[in-house]
Amino acid sequence: MEEKIKQLFQEFNNRLKADNDAKSLEEIKTDFLGRKSSLAKLFSQIPSLSKEEKAVYGKALNVLKNKMTVLLEQKLSTGQMTEPKTDLTFPSRIPDTGSLHVLTKVNRQICSIFENIGFSVIEGTEIEDEWHNFEALNIPLDHPSRDAFDTFYLDIPESKKGKYLLRSHTSPSQIRVMKNAKPPLAVISPGRVYRPDEVDATHSFMFHQIEGFAVAESLDFSHLKGVLLQFAHTFFSPDVSLRFRPHFFPFTEPSAEVDISCIICRNKKSFVQTDKSCLLAGRRKPQTAKCSVCKGKGWLEILGCGMIHPDVLKACGISPKKYRGFAFGMGVERIAMLKYGVDDIRLFYENDVRFLDQF
Ligand code: DAH
């Protein structure tokens with residue numbers, strides 16, 4: 001009996017040491033501790049033993065049973081088992097890949113819409129001088145409209161064209177192109193602009209603009225309208241309409257601010273709340289509420305535009321008697337915020353992947 005007990009324990013240890021997974025541990029349990037196991041057989045021999053032997057071997061078998069149970073439990077709980085075979089049908093983990101920033105995407109989309117109707121893309125310079133940023137654009141030194149273009153000046157010796165600065169708008173690109181190329185011209189010029197604004201949900205000291213302009217012998221306001229309508233229909237939706245409101249810009253005459261019909265409420269100025277928001281508001285039936293995007297106005301401002309001022313053409317050596325031009329400028333962040341319903345400009349610059357992942 002003593003020999004059998006030793007042998008059984010030896011066999012058990014051998015099986016346990018061998019590579020085994022959860023399934024084979026279960027098998028070891030049945031083989032060594034189950035009702036038909038060798039241990040059970042040894043237990044069944046106890047009644048046929050003498051009284052002394054019964055006491056000794058009964059105890060020894062119980063000790064063996066406990067040892068084997070504990071060892072098995074240990075192995076199961078420490079997880080020291082071989083991995084189950086690889087499941088080749090299991091879906092693989094999709095690797096995180098980089099992608100373009102939403103502002104880059106919007107910028108490229110806008111530029112390509114204008115490229116498709118014959119505009120060329122030209123980048124200006126971020127460091128400008130006062131002449132290009134202001135004077136040539138009909139904004140004289142003492143003109144009050146300069147306040148609207150509050151500016152970062154660079155602490156370096158000035159040039160013949162005035163102090164150096166970080167451009168406060170992309171309009172100086174018009175000057176750079178018109179001085180160096182002959183009409184007919186149709187140009188789109190994207191880029192960063194800088195203004196010492198207090199940062200909040202709608203302002204940033206750096207943001208992106210896209211400037212567009214065209215110069216030819218027979219251009220008028222209707223061409224400007226047609227080009228902008230084409231842009232709005234392609235970028236937002238074919239059913240948006242545009243509204244031109246008279247405005248003032250020193251570099252265009254006449255000038256206008258342009259609104260699109262609200263892309264959320266479709267110019268209905270109000271919208272029907274969803275069932276969920278009604279429930280949250282504790283109401284039974286859907287209620288009509290003021291559109292939160294256009295604030296019930298039905299219109300959203302998207303850009304400034306106008307016919308290029310004759311003095312601006314003159315400053316670039318283009319005869320205003322022979323040529324006419326139109327120009328427009330828009331903020332890329334603003335357009336992206338309207339398109340995607342983003343309510344805080346800072347989200348674009350914080351690089352939070354949870355935000356960026358959505359586009
Ligand atoms: N430069 C203007 C700004 O930054 C935007 C603008 C308005 C550009 C009208 C234009 C224009 O070309 O015609 O606010």
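Below, each value reflects all heavy atoms present in this structure, side chains not excepted, and no hydrogens, waters or symmetry copies. Whatever order the structure lists them in is the order used to number ligands and atoms, beginning at 1. This chain uses plain numbering: 1 for the first residue, then up along the sequence.
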Query raised in the report: What's the verdict on side-chain contact (heavy atoms from CB on, under 4.5 Å) for Glu2 and Tyr57, showing C-alpha distance, side-chain angles and the deciding distance?
Result: CA-CA 8 Å; Glu2 197 178 326; Tyr57 295 120; 4.0 Å; yes
Query - Under 4.0 Å to a heavy atom of Gly304 - the qualifying atoms of ligand 1, by number - result: 7 (C), 9 (C), 11 (C)
Requested in this report: Say whether Glu211 and Ser189, considering side chains only, have a donor N or O and an acceptor N or O under 3.5 Å apart.
Outcome: no
**Report entry** Part of Glu211 with heavy atoms under 4.0 Å of ligand 1, whether side chain, backbone, both or neither
**Finding:** side chain
**Report entry** With sequence neighbours excluded, residues passing salt bridge (Lys or Arg N to Asp or Glu O under 4.0 Å) with Glu115
**Finding:** none
Requested in this report: Using a strict cut-off of 4.0 Å, indicate which atoms of ligand 1 neighbour a heavy atom of Gly306.
Outcome: 13 (O)
Query - Numbering as shown, the atoms of ligand 1 that approach Phe251 to under 4.0 Å (heavy-atom distance) - result: 1 (N), 2 (C), 6 (C), 7 (C), 8 (C), 9 (C), 10 (C), 11 (C)
Report summary line: Note: ligand 1 atoms sitting under 4.0 Å from heavy atoms of Ser171 are 1 (N), 8 (C)
Query raised in the report: Side chains of Tyr340 and Gln358: is there a donor and an acceptor less than 3.5 Å apart?
Result: no
Query raised in the report: Can you tell which of Arg167, Arg176, Arg192, Lys161 makes a salt bridge (Lys or Arg N to Asp or Glu O under 4.0 Å) with Glu128?
Result: Arg176
Query raised in the report: With a 4.0 Å cut-off, would you call Lys163 and Glu158 a salt bridge?
Result: no
**Report entry** Ionic contact status for Arg243 with Asp259, cut-off 4.0 Å
**Finding:** yes
**Report entry** Gly329 neighbourhood, listing ligand 1 atoms whose heavy-atom distance to it stays under 4.0 Å
**Finding:** 6 (C), 8 (C), 10 (C), 12 (O)
Query raised in the report: With atoms numbered from 1 as shown, which atoms in ligand 1 lie under 4.0 angstrom from a non-hydrogen atom of Ala327?
Result: 12 (O), 13 (O)
Query raised in the report: Given Glu257, Gln174, Arg195, which has its nearest heavy atom closest to atom 4 (O) of ligand 1?
Result: Arg195
Query raised in the report: Under 4.0 Å from any heavy atom of Gln209, which atoms of ligand 1 are there?
Result: 3 (C), 4 (O)
